[in-house]
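Quick notes on the structure that follows.
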Amino acid sequence: MSDSEKQAFQERLDRMAAIFADIVSHAEESSRTRCPYRDRHDLCTAMFRCRNQAPVADRDSDELVCTHDGTFDYRTAWESNPRAYERTREKIVRIKQDAEERRRRRSGEDPIR
């Protein structure tokens, strides 16, 4: 590759890098206010309940529209309760342990390891 070809190639790379830098900058800025579960048609793609979800008007479907307007931090809209999550996780562990113990008893194994 000649020097002029290398220079032209480098200029193209620099131009692409500048374009991608603008794209990344815009994406980073919009990620601070735009819900990541909102698609380009303003439909909600989240697989959990959010207070910004609303049924789609004029459609007979299960689709939900994202009503988030970008004026606040969308992350507070997610319905989550860390304490409830922890209690539920602990309950699941207890249920699994109880079920395992019942299975051992039925099979005649010693429940104490």
Side-chain angles (χ1 to χ4, degrees):
M1 193 182 267
S2 71
D3 286 342
S4 63
E5 289 174 333
K6 287 179 185 178
Q7 184 178 357
F9 180 70
Q10 187 59 49
E11 287 173 5
R12 285 190 217 105
L13 287 178
D14 292 343
R15 182 164 183 249
M16 286 183 359
I19 291 169
F20 285 122
D22 287 343
I23 292 170
V24 169
S25 175
H26 177 73
E28 185 177 341
E29 183 179 321
S30 70
S31 73
R32 294 186 188 125
T33 57
R34 183 176 172 87
C35 178
Y37 297 98
R38 184 179 193 159
D39 71 7
R40 66 187 178 101
H41 301 292
D42 296 329
L43 296 177
C44 181
T45 63
M47 301 306 269
F48 53 87
R49 186 74 182 120
C50 171
R51 73 182 77 158
N52 294 320
Q53 294 171 334
V56 176
D58 302 329
R59 289 196 197 170
D60 199 20
S61 71
D62 293 335
E63 292 180 321
L64 298 171
V65 68
C66 181
T67 62
H68 174 254
D69 60 5
T71 60
F72 64 96
D73 186 354
Y74 65 86
R75 293 169 291 187
T76 61
W78 297 342
E79 293 177 0
S80 63
N81 184 339
R83 288 186 212 118
Y85 170 80
E86 188 60 32
R87 283 192 308 265
T88 303
R89 192 179 70 71
E90 290 170 359
K91 186 175 182 179
I92 290 169
V93 168
R94 283 193 309 270
I95 289 169
K96 286 181 179 180
Q97 290 170 344
D98 291 345
E100 186 178 319
E101 186 176 329
R102 282 193 306 275
R103 281 193 298 274
R104 277 194 303 247
R105 285 182 185 161
R106 274 186 275 168
S107 67
E109 293 179 19
D110 186 351
I112 301 172
R113 290 186 182 187

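For the side chain to side chain contact (heavy atoms under 4.5 Å, CB included) with Ile92, the lone residue among Arg89, Glu90, Lys96 that qualifies is Lys96. The side chain to side chain contact (heavy atoms under 4.5 Å, CB included) test with Cys44 singles out one residue from Glu63, His68, Gln53, and that residue is Gln53.
In this structure, Lys6 NZ and Leu13 CG are separated by 13.5 Å, a value rounded to the nearest 0.5 Å. Atom CZ of residue Arg38 and atom CZ of residue Arg40 lie 14.0 Å apart, to the nearest 0.5 angstrom.
With sequence neighbours excluded, the residues forming a side chain to side chain contact (heavy atoms under 4.5 Å, CB included) with Arg12 are Ala8, Phe9, listed by chain and number. Applying the side-chain hydrogen bond (donor to acceptor under 3.5 Å, both in side chains) test to Gln10 and every residue at least two apart in sequence or in another chain returns Asp14. For His26, the side chain to side chain contact (heavy atoms under 4.5 Å, CB included) criterion is met by no residue, not counting sequence neighbours. For the side chain to side chain contact (heavy atoms under 4.5 Å, CB included) test, residues two or more places apart in sequence or in another chain that qualify with Ala99 are Arg102, Arg103. Under the rule for a side-chain hydrogen bond (donor to acceptor under 3.5 Å, both in side chains), Ser25 has no partner lying at least two apart in sequence or in another chain. For the side-chain hydrogen bond (donor to acceptor under 3.5 Å, both in side chains) test, no residue two or more places apart in sequence or in another chain qualifies with Asp98. For Ile95, the side chain to side chain contact (heavy atoms under 4.5 Å, CB included) partners are Lys91, not counting sequence neighbours.
Ionic pairing of Glu11 and Arg15 is not present here: no N-O contact between side-chain nitrogen and carboxylate oxygen is shorter than 4.0 angstrom.
Few gaps surround CD on Glu5; more than 12 heavy atoms of other groups in view lie less than 6.0 Å from it.
The minimum heavy-atom distance linking Val65 with Pro55 is given by the pair CG1-O, 4.0 Å.
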